[in-house]
Visitor: 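Please read through the structure below; I'll follow up with questions.
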Amino acid sequence: YFYSSSTESEMKSSRAGLRSGGSLDGKAKHSSSRDFARFSYAANVLLLVYLFVLNTRSVDRAERLAGKTNAESYLKFSGAVSDLANSTAALENTIKVLHEVTNTGSAKPHKTSSNPALLPVVVSHPLPVIPPLTWVQSTGSSPQPASSPGTTSAEKLWMFLGIPTVPRRNNVDYLTTTLRTMLDQMPADPSDPFSSKVKAVIMNNKPGAHQVYNSARAMFEQIGGPKARFLEFRDNPGLIPDPAPELPDPDDLNNPTSRPGREVRKQTCDLIALMELGAAQAEYYMFMEDDFRVCPHFLRAVHYVVEKSNLQTPDWLAIRVSYGMNGIIMKSKDLLLLSKYLREHTARLPPDLLWQEWMAKAHSIPELRGRPLLVYKHNLLDHIGTISSFAIRPNRPKWPGCYESMANVWSLTRMEQFDRNCVHDDISPCNKKELGPDWTDKHINFHP
C-alpha cells in the first residue's frame, strides 16, 4: 500500500503527542505532514478506483472459473482491498487532525467550534464497493461462480447440437455424411448472427475403438475456414457408470418389458453426459444421432420453429422436428430435469422410451405441469442408417424423409405426432396458442 501500517502507527503517535500538549517543530513540518497525508490519501483512493474497475472487468471471466483455489484467491483479494479501504479512512482522519493543528497553531485538545469558518474542511470521498462474487455448488466437488443474467445470454450458444456416436459393424460410416450435410447448412460469413451461436458436439462413446470417428475428426479438423468452428470433437470421459452392471442382457427378440441390456444402459449414460455438457453451454439443446442426414435449410427451419413457438406458446416444454431420440429441441433449464429422470431409471427402459414416459408424466411434475410438447409439421432430419450399432435389431417400417409429414411416424406416440386437425398451422397443438406478430400466421415453406 501507499500508506503502510507502520505509517499509521507513527501518525497515531504524533496525534497523541499533539493532543497531550506537545508541539511540532514548526509550521513547515505541519504543512509537510499534511501534504504527505493528503498525497497518500489521494493515492489510496486512486488505487481503489483502479481495483474496482479491474475487478468489475474480471468478474465475467471469473464466472467461467471453478475450484477452491479461485475462491480462496478472490477472498484474499477482497481482504486486501478491505485493508486498503481501512488505511484510507485512517488517512482521512489524520488529514483532519493535521488541518486542525495547522489552523490553531497549538496542540490543544479538540473542541467543536460554533464558527463554521474555523471548522476543518475535510472532503468525504465515498469509497467504491467491490461487487461480491457469489459461488454456487456445481455437479462436481468444486465450487463454481454463479453466472449473472446479463453475461450469460451474451456468452451462451443459441443452439447446442448433441451428437453421440459409436462404431457400427464393419466400420460403416454414416457420421461423415451427417457432419458434411450439417456443415452445408452453416453460414460461411463470420458476421452472420449464427456464426458464433450454434455448435455441434460429436461425442465419441468408444474412445480408442471408433475408427470412423477418428477419420472424420482428422478430416474435418484439417478443413479449417470459418465453418470449422461449428464442430467440436470430444471423447466421452466415462464419468457416468452403469447403475446395474450385474443384470444379465435380455433377449432382444423376446423382451416384452423393453428392459435395456448393458449396451443400451451405456447408451443412456452416454446421452446423460452429453446432455449435461450442453445444458451448461447453450440456451437450447437438440438431440441428434450420428446416422441422420441434415435436410436442406435445416438451420433456418429450426430457427423459424423455435422463434414461432416462443411467440405463440412461450411455456413450451419441447419441440419435435424429427423422430427417434433425434430432432428433439429443449431449453437447457428443462434438460437437467430430464437428465435427472434418466439417471433414476437407466436400468428400467431405453432412453427414447424414458423420454416418452417423462413427457406423458409431465402433468404430474410441478415444474412441467401444463407445458406442451410441440411438433413441427415437417421432418427436418433424414434417417440414412440401415446398419445398427446393436447386434440385433428387428426389421422396421419405412421412416419419413426430408420435409415429409410428422403426422404418421409409426415409432412416435400420438402426443409426439403432428396433429392432423391443425390444417391451418404448421406447429401443433394449435388450440392454445397466443396471438403473435402477423408473420406467425403464415407458413414458410423451406422445402427446396
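Numbering of residues begins at 1 and proceeds along the displayed sequence.
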Visitor: Is it the case that the side chain of D189 and the backbone of S191 share a donor-acceptor pair, with hydrogens and angles ignored and the cut-off at 3.5 Å?
Guide: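 Indeed, once roles are kept as given, a pair shorter than 3.5 Å links the two residues.
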Visitor: Between the main-chain N or O of C430 and the side-chain N or O of S428, is there a donor-acceptor pair closer than 3.5 Å?
Guide: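 No; zero donor-acceptor contacts below 3.5 Å.
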Visitor: Any side-chain donor paired with an acceptor under 3.5 Å for S339 and E276?
Guide: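 Judged by distance alone, the side chains do pair up.
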Visitor: Is the number of heavy atoms from other residues, nucleotides or ligands under 6.0 Å of R300 CZ greater than 12?
Guide: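 No, because the 6.0 Å sphere around CZ of R300 holds 12 heavy atoms or fewer from other groups.
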Visitor: Report yes if the distance between the aromatic ring centroids of F446 and Y304 is under 6.0 Å, otherwise no.
Guide: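 Judged by ring-centre distance (under 6.0 Å), F446 and Y304 do meet the cut-off.
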Visitor: I'd like to know if the side chain of K266 reaches the main chain of N205, judged simply by a donor and an acceptor atom lying under 3.5 Å from each other, with no hydrogens or angles considered.
Guide: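 Between the backbone of N205 and the side chain of K266 there is a qualifying donor-acceptor contact (under 3.5 Å).
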Visitor: Do R265 side-chain atoms and A244 backbone N/O form a donor-acceptor pair below 3.5 Å?
Guide: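 A pair under 3.5 Å: yes.
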Visitor: Check whether N255 reaches the backbone of R259 with its side chain - one donor and one acceptor, N or O, closer than 3.5 Å.
Guide: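 Checking the backbone N and O of R259 against the side chain of N255, a donor-acceptor pair under 3.5 Å is found.
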Visitor: Taking T268 for the side chain and V264 for the main chain, is one N or O donor matched with an acceptor at less than 3.5 Å?
Guide: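 Judged by distance alone, yes, a pair lies under 3.5 Å.
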Visitor: Using a 6.0 Å distance limit plus a 45 degree cone around the ring axis, check whether K331 lies over the aromatic ring of W316.
Guide: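 Geometry flag: set, cation within 6.0 Å and 45°.
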Visitor: Is the shortest side-chain heavy-atom distance between L354 and W358 below 4.5 Å?
Guide: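 Sidechains of W358 and L354: no contact.
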Visitor: Using a strict 4.0 Å threshold on nitrogen-to-oxygen distance, state whether R348 and E357 make a salt bridge.
Guide: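 So R348 pairs with E357 through a salt bridge.
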Visitor: For Y213 and K206, which I'm curious about, is there any donor-acceptor pair between the side chains at under 3.5 Å?
Guide: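 Distance-only check fails for Y213 and K206.
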Visitor: So that I can tick it off, tell me whether D315 and R371 are bridged by a salt bridge, with the cut-off set at under 4.0 angstrom between side-chain N and carboxylate O.
Guide: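 Salt bridge between R371 and D315, a charged N being under 4.0 Å from a carboxylate O: no.
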Visitor: Looking at side-chain heavy atoms only, is the closest gap between M182 and F292 below 4.5 Å?
Guide: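 M182 does not reach F292 side chain to side chain.
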Visitor: Using a strict cut-off of less than 4.0 Å between a Lys/Arg side-chain nitrogen and an Asp/Glu carboxylate oxygen, indicate whether R168 and D173 qualify as a salt bridge.
Guide: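 Here R168 does not pair with D173 in a salt bridge, since their nearest N and O are not under 4.0 Å apart.
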Visitor: Quick check for you: to the nearest 0.5 Å, what is the distance between T313 atom OG1 and N310 atom CG?
Guide: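 Taking OG1 in T313 and CG in N310, the distance rounds to 9.0 Å.
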Visitor: Do D290 and T165 have side-chain atoms, one donor and one acceptor, less than 3.5 Å apart?
Guide: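 Side-chain D/A pair, D290 to T165: present.
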Visitor: Hey, is the main chain of G401 close enough, under 3.5 Å, to the side chain of E404 for a donor-acceptor pair?
Guide: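 Yes, the answer is positive, given that a donor and an acceptor are paired below the 3.5 Å cut-off.
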Visitor: Starting at CG of L277, measure out to CE of M275 and round the result to the nearest 0.5 Å.
Guide: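 One gets 11.5 Å once the value is rounded to the nearest 0.5 Å.
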Visitor: Are the side chains of V198 and L161 in touch, meaning some heavy atoms are under 4.5 Å apart?
Guide: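 Side-chain contact under 4.5 Å: yes.
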Visitor: Could you pull out all residues at least two apart from N379 that satisfy side-chain contact (heavy atoms from CB on, under 4.5 Å)?
Guide: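 side-chain contact (heavy atoms from CB on, under 4.5 Å) list for N379, sorted by chain: S322, Y323, M406.
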Visitor: Check the side chains of W410 and Q417 for a donor-acceptor pair under 3.5 angstrom, ignoring hydrogens and angles.
Guide: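 No.
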Visitor: Classify the side-chain pair T181/D184 by whether it contains a donor and acceptor separated by less than 3.5 Å.
Guide: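 No, because no side-chain N or O of T181 sits under 3.5 Å from a partner of the opposite role on D184.
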Visitor: For the residue pair D426 / H378, report whether a side-chain donor-acceptor contact shorter than 3.5 Å exists.
Guide: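 No donor-acceptor contact under 3.5 Å links the two side chains.
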Visitor: Is it true that, when you exclude E221 itself, more than 12 heavy atoms of the residues, nucleotides or ligands shown sit nearer than 6.0 Å to its CD?
Guide: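 Correct, the count exceeds 12.
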Visitor: Please report the closest heavy-atom contact between N326 and R320, naming both atoms and the distance.
Guide: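 Heavy-atom minimum between the residues: O-NH1, 3.3 Å.
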Visitor: Would you please say whether a donor-acceptor pair under 3.5 Å links the side chains of E289 and Y174?
Guide: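 No, because no side-chain N or O of E289 sits under 3.5 Å from a partner of the opposite role on Y174.
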Visitor: Applying ring-ring contact (aromatic ring centres under 6.0 Å, His included), can you list everything that pairs with F230, at least two apart in sequence or on another chain?
Guide: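 In terms of ring-ring contact (aromatic ring centres under 6.0 Å, His included), with neighbours along the sequence ignored, F230 is linked to no residue.
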Visitor: Closer than 3.5 angstrom, by distance alone: can the side chain of K340 be matched with the main-chain N or O of L335 as a donor-acceptor pair?
Guide: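 Side chain of K340 to backbone of L335: no pair is present.
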